[in-house]
Q: 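I'd like to ask you about the structure that follows.
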Amino acid sequence: MTTSRHRTPRRAQGELEAQVLAALRTADAPVSAGWVRDRVGGGLAYTTVITILARLQAKDAVTRRREGRSFVWTPVADEAGLAAFKMRKVLDAEADREAVLASFVTSLPEGDEQLLRELLSRADDTAGDTAADTTGDVSGDLCGDEEGTD
């Protein structure tokens with residue numbers, strides 16, 4: 001019978017994914033799962049590392065390419081990108097997106113709410129710049145004004 005003093009403490013949700021991503025980001029080139037396992041440590045089984053890498057690939061956080069008989073892995077997203085993916089996944093699972101977003105925004109501390117407003121403003125500015133670049137027209141349409149009206 002196994003007692004609790006012999007068990008390894010359970011990792012927090014997402015902790016192993018974050019460790020694998022951190023290890024991948026230290027690599028100078030695409031690396032094997034064995035390389036990742038050696039860097040992460042903790043006595044992980046090779047199959048555990050492969051499972052984590054496959055989950056990260058499904059989240060578009062890593063890419064892989066065949067090299068010889070195995071694959072080498074490269075990070076695409078950082079920890080912030082992975083957190084954003086998780087947030088989108090939760091949002092996508094809810095029927096009333098507006099209510100979820102409204103609840104999220106109203107629960108933010110003031111500093112975070114202001115930061116979010118600034119990021120959204122920058123995103124709008126970037127979208128406007130892109131629209132102007134693709135159409136060649138930078139007239140009042142970006143502000144919602146119609147030509148010929150005051």
Side-chain angles (χ1 to χ4, degrees), residues 9-42 44-68 70-150:
R10 187 165 178 86
R11 288 182 181 88
Q13 184 176 0
E15 181 181 341
L16 195 51
E17 287 180 349
Q19 290 175 347
V20 167
L21 272 177
L24 282 171
R25 282 195 309 277
T26 65
D28 294 330
V31 295
S32 69
W35 185 95
V36 172
R37 185 185 69 180
D38 293 344
R39 296 315 179 279
V40 172
L44 291 176
Y46 180 82
T47 54
T48 300
V49 174
I50 290 292
T51 298
I52 296 301
L53 287 166
R55 288 178 181 168
L56 288 169
Q57 182 185 22
K59 296 174 182 180
D60 294 326
V62 300
T63 60
R64 72 176 187 180
R65 81 173 193 301
R66 185 164 292 281
E67 190 169 283
S70 61
F71 291 99
V72 291
W73 303 83
T74 305
V76 174
D78 57 9
E79 290 175 25
L82 187 57
F85 173 84
K86 290 175 184 178
M87 292 167 67
R88 281 191 308 274
K89 188 174 176 182
V90 169
L91 182 60
D92 290 345
E94 297 298 324
D96 190 348
R97 295 174 73 89
E98 183 176 349
V100 173
L101 288 169
S103 179
F104 175 74
V105 169
T106 58
S107 68
L108 289 173
E110 187 175 324
D112 288 348
E113 185 177 341
Q114 183 58 38
L115 176 61
L116 181 58
R117 289 180 191 283
E118 291 170 11
L119 292 169
L120 289 169
S121 177
R122 278 191 247 160
D124 283 346
D125 291 346
T126 303
D129 291 346
T130 302
D133 290 344
T134 58
T135 63
D137 180 15
V138 292
S139 63
D141 279 349
L142 296 177
C143 297
D145 297 336
E146 294 182 33
E147 284 187 45
T149 60
D150 291 331

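Here the structure is a predicted model, which is why all the values come from computation and not from measurement. Residue numbers start at 1 and run along the sequence shown.
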Q: Taking side-chain contact (heavy atoms from CB on, under 4.5 Å) as the test, write out the residues that go with Arg65, two or more places apart.
A: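 Testing Arg65 for side-chain contact (heavy atoms from CB on, under 4.5 Å), a comparison that skips the adjacent residues, returns Pro30, Glu67, Val72.
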
Q: How long is the span from the CG atom in Leu56 to the CZ atom in Phe85, to the nearest 0.5 Å?
A: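 Reported value, rounded in 0.5 Å steps: 10.0 Å.
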
Q: Nearest 0.5 angstrom please: Asp124 CG to Leu119 CG, how far?
A: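 Between atom CG of Asp124 and atom CG of Leu119 there are 11.0 Å.
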
Q: Which atoms form the tightest heavy-atom contact between Gly34 and Tyr46, and what is the distance?
A: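 Taking every non-hydrogen atom into account, N-CE1, 3.7 Å.
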
Q: Using the side-chain contact (heavy atoms from CB on, under 4.5 Å) criterion, which residues pair with Leu108? Sequence neighbours excluded.
A: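 With sequence neighbours excluded, Leu108 shows a side-chain contact (heavy atoms from CB on, under 4.5 Å) to Phe104, Asp112, Glu113, Leu116, given in chain and number order.
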
Q: Trp73 and Ala33: which non-hydrogen atoms are nearest, and at how many Å?
A: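 Nearest heavy atoms, Trp73 then Ala33: CD1-N, 4.0 Å.
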
Q: State the CZ-CG distance between Arg37 and Leu53, to the nearest 0.5 angstrom.
A: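 Arg37 atom CZ to Leu53 atom CG measures 12.0 Å (nearest 0.5 Å).
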
Q: Any side-chain hydrogen bond (donor to acceptor under 3.5 Å, both in side chains) pairs touching residues 86-97, not counting sequence neighbours?
A: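 Those involving residues 86-97 are Asp92-Arg97.
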
Q: Can you tell me which residue among Leu16, Thr48, Val49 is in a side-chain contact (heavy atoms from CB on, under 4.5 Å) with Val40?
A: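 When Leu16, Thr48, Val49 are each tested with Val40, the side-chain contact (heavy atoms from CB on, under 4.5 Å) holds only for Leu16.
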
Q: Tell me every residue that passes side chain to side chain donor-acceptor pair (under 3.5 Å) with Glu110, counting only those two or more places apart in sequence or in another chain.
A: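 Glu110 satisfies side chain to side chain donor-acceptor pair (under 3.5 Å) with no residue once adjacent residues are dropped.
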
Q: What donor-acceptor contacts under 3.5 angstrom involve side-chain atoms of residues 18-25, with partners at least two apart or in another chain?
A:
residue: Gln19; atom: NE2; partner: Glu15; partner atom: OE2; Å: 3.4
residue: Arg25; atom: NH2; partner: Glu79; partner atom: OE2; Å: 3.3

Q: Filter on salt bridge (Lys or Arg N to Asp or Glu O under 4.0 Å), then keep only pairs touching residues 50-64, sequence neighbours left out; what's left?
A: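 Qualifying pairs: Glu17-Lys59.
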
